[in-house]
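Predicted model, so just to flag it, every value in this text is computed and none were measured.
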Amino acid sequence: MAEITAALVKELRERTGLGMMDCKKALTAAGGDIEKAIDDMRAAGAIKAAKKAGNIAAEGSIAVKIAADNKSGVIIEVNSQTDFLALQDDFKAFVAQSLDKAFDQGLTDAAPLIESQEESRLALVAKCGENVNIRRLTRVEGDTVGAYLHGHRIGVLVVLKGGNPELAKDIAMHVAASNPAVLTPADVSEELIAKEKEIFLQLNAEKIAGKPENIVENMVKGRINKFLAEASLVEQAFVKDPEIKVGDLAKKAGAEIVSFVRYEVGEGIEKAEVDFAAEVAAQVAASKQ
């Protein structure tokens, strides 16, 4: 058996795109023979999976699970490269398996779930030809936890003090539709308020020109109050009944909204812009060589 040096592991990693530990395991199994290790990896589909890992996965699914007693819940996001894959049974099965593990093990962070699901993820990537990633996970607990899933692209968990599951689900549905930034006006940062004020003054420069300072201050105050209401869940008009605010809806039922979590597929992921003309030109040039 040849000595498995750091240089050998590094070479295998560079040639296959797999992680250091995977390369070391493959070399150990192959008795230090790098060519055999590569053949074994190729046969297992691991190299194909590793190469796909460089592709941006910004589509996928959100999944939620609530405890039978409505005291806890988990929400996860699993990404794929295309929405088409997100609708396929193999991907759905991987998402369901990941969600069940996260729920049953009481996980509060995605890292251990990612680690435990890596073998299944690589098998799925090798089979479907797309990159797949478990991106994030949140677990919540409280008196009453409700959830709402809008298709496979938006998921929400809501925690109430008091209340009942139906109320929590209604509020979760509102969160899915209205996408509040924070729970209460007090949660809006001073930086955001200052930025909103600056934007308002810039957009209305001509309208406020020459007006007394106190009038301008009242105009700014009105805009900020409107901004706080639009951004805060408790101040928003309830989607099912715009005559009542969401916070008042909860109070009317003897409840208080403690927190909410809203996931939307791909939010915050920078998608690569594909220049198809350049891509085709490159392929044509390569075919002539």
Below 4.0 angstrom, N of the basic side chain to O of the carboxylate: do [X] and [Y] qualify?
X: Asp248; Y: Lys252; result: no
X: Glu166; Y: Lys169; result: no
X: Arg136; Y: Glu267; result: yes

Flag if over 12 foreign heavy atoms under 6.0 Å of [atom1], [X]:
X: Lys197; atom1: NZ; result: no
X: Gln202; atom1: CD; result: yes
X: Lys211; atom1: NZ; result: yes

query: Residues in side-chain hydrogen bond (donor to acceptor under 3.5 Å, both in side chains) with Arg262, at least two apart?
result: Asn179, Glu264
Point-to-point distance, once rounded to the nearest 0.5 Å, from [atom1] of [X] to [atom2] of [Y]:
X: Glu11; Y: Ile34; atom1: CD; atom2: CD1; answer: 3.5 Å
X: Ile208; Y: Leu201; atom1: CD1; atom2: CG; answer: 5.0 Å
X: Ile269; Y: Glu77; atom1: CD1; atom2: CD; answer: 5.5 Å
X: Asn131; Y: Arg121; atom1: CG; atom2: CZ; answer: 6.0 Å
X: Glu196; Y: Glu198; atom1: CD; atom2: CD; answer: 10.5 Å
X: Leu124; Y: Asp90; atom1: CG; atom2: CG; answer: 6.5 Å

[X], [Y]: one ILVMFWY side-chain cluster at the under-4.5 Å cut-off?
X: Leu149; Y: Val74; value: no
X: Ile75; Y: Val140; value: yes
X: Leu113; Y: Ile62; value: no
X: Leu160; Y: Val261; value: no
X: Ile76; Y: Leu157; value: no

- line: Residue pairs meeting side-chain hydrogen bond (donor to acceptor under 3.5 Å, both in side chains), one or both in residues 64-74, sequence neighbours left out, come to Lys65-Asp100
query: Within the side chain of Gln88, is there an N or O that forms a donor-acceptor pair under 3.5 Å with the backbone of Phe84?
result: yes
- request: Indicate yes or no for a side-chain donor-acceptor contact from Gln236 to the backbone of Glu230 under 3.5 Å, with no hydrogens or angles considered.
  value: yes
- request: Grab the two heavy atoms, one from Gly162 and one from Asp143, that are nearest each other, plus how far apart they are.
  value: N-OD2, 3.2 Å
query: side-chain contact (heavy atoms from CB on, under 4.5 Å) with Leu233: which of Val182, Asp187, Val175?
result: Val175
